[in-house]
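Reviewing the structure listed below.
Remember, it's a predicted structure, so these values are computed and weren't measured experimentally. As a basis for the values below, the full set of heavy atoms in this structure was taken, side chains included, without hydrogen atoms, waters or symmetry mates.
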Amino acid sequence: MMDTSIVLLLYFLQLILGIVLALVLNTFYKKYHRYYLLQWSLSWWFLSLYITAAGLAIFMSASYLPSHPLRIGVSVISILAALLQVAYLI
């Protein structure tokens, strides 16, 4: 199994790339006024939220039991962000 620090580093790199893509698409939306560019940008923002919440859930796994309300809340946020990310692409 991979070390937690490596996994969190990879999540952080994915988060940075997701934010960069969201900012680029948002800039294109402001310039070209195409609604689908705004939807794609929002989709990447939700993906960034998903990655952040998933990384936080992994980080919290060492300190909290799986049934802890804070850990469950972070997991729910992660799942909702993942669903919204897909919904904005459709």
Side-chain angles (χ1 to χ4, degrees):
M1 188 167 163
M2 292 183 76
D3 187 22
T4 306
S5 60
I6 295 172
V7 173
L8 291 176
L9 175 66
L10 292 175
Y11 271 47
F12 180 72
L13 293 174
Q14 290 177 9
L15 172 66
I16 297 300
L17 291 174
I19 289 172
V20 167
L21 257 167
L23 290 173
V24 167
L25 287 169
N26 196 23
T27 303
F28 284 158
Y29 168 72
K30 288 178 181 178
K31 182 172 183 172
Y32 297 113
H33 303 290
R34 303 285 186 216
Y35 186 65
Y36 66 89
L37 292 171
L38 177 63
Q39 290 179 322
W40 289 355
S41 175
L42 288 173
S43 174
W44 281 99
W45 282 116
F46 281 120
L47 180 69
S48 299
L49 177 63
Y50 160 71
I51 291 171
T52 302
L56 186 60
I58 290 173
F59 180 74
M60 290 171 50
S61 67
S63 304
Y64 296 104
L65 293 174
S67 61
H68 193 276
L70 186 61
R71 195 163 161 203
I72 292 172
V74 169
S75 296
V76 167
I77 290 171
S78 173
I79 291 169
L80 287 175
L83 291 173
L84 287 171
Q85 189 261 338
V86 173
Y88 270 96
L89 286 178
I90 296 177

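Legend: residues meeting ring-ring contact (aromatic ring centres under 6.0 Å, His included) with Tyr88, ordered by chain and number and at least two apart, are Phe46. In terms of the side chain to side chain contact (heavy atoms under 4.5 Å, CB included) criterion, residue partners of Ala57 (sequence neighbours excluded) are, by chain and number, Val74, Ser75. Residues that satisfy the side chain to side chain donor-acceptor pair (under 3.5 Å) test with Gln14, not counting sequence neighbours, are absent from this structure.
The hydrophobic cluster containing Leu89 also contains Leu84, counting ILVMFWY residues as joined when their side-chain heavy atoms lie under 4.5 angstrom apart, directly or transitively.
Atom OG1 of Thr52 and atom OH of Tyr11 lie 11.0 Å apart (nearest 0.5 Å). The CD1 atom of Ile16 lies 8.5 Å from the OG atom of Ser48; values are rounded to the nearest 0.5 Å.
When all heavy atoms of Leu8 and Gly55 are compared, the pair lying nearest together is CD2-O, 3.3 Å. The two residues Ala53 and Ile77 make their nearest non-hydrogen contact at CB-CG2, 4.2 Å.
More than 12 non-hydrogen atoms from other residues, nucleotides or ligands lie less than 6.0 angstrom from CH2 of Trp45.
Grouped by direct or indirect side-chain proximity (heavy atoms under 4.5 Å, Ile/Leu/Val/Met/Phe/Trp/Tyr only), Ile72 sits with Val76, Leu80.
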Without placing hydrogens or testing angles, list every side-chain donor-acceptor pair under 3.5 Å for residues 18-37, not counting sequence neighbours.
from	atom 1	to	atom 2	distance (Å)
Thr27	OG1	Leu23	O	2.8
His33	NE2	Lys30	O	3.4

Identify each donor-acceptor pair in which a side-chain atom of residues 61-70 lies under 3.5 Å from a protein atom, sequence neighbours left out, and give them as a table.
from	atom 1	to	atom 2	distance (Å)
Ser61	OG	Ile58	O	2.6
His68	ND1	Leu70	N	3.1

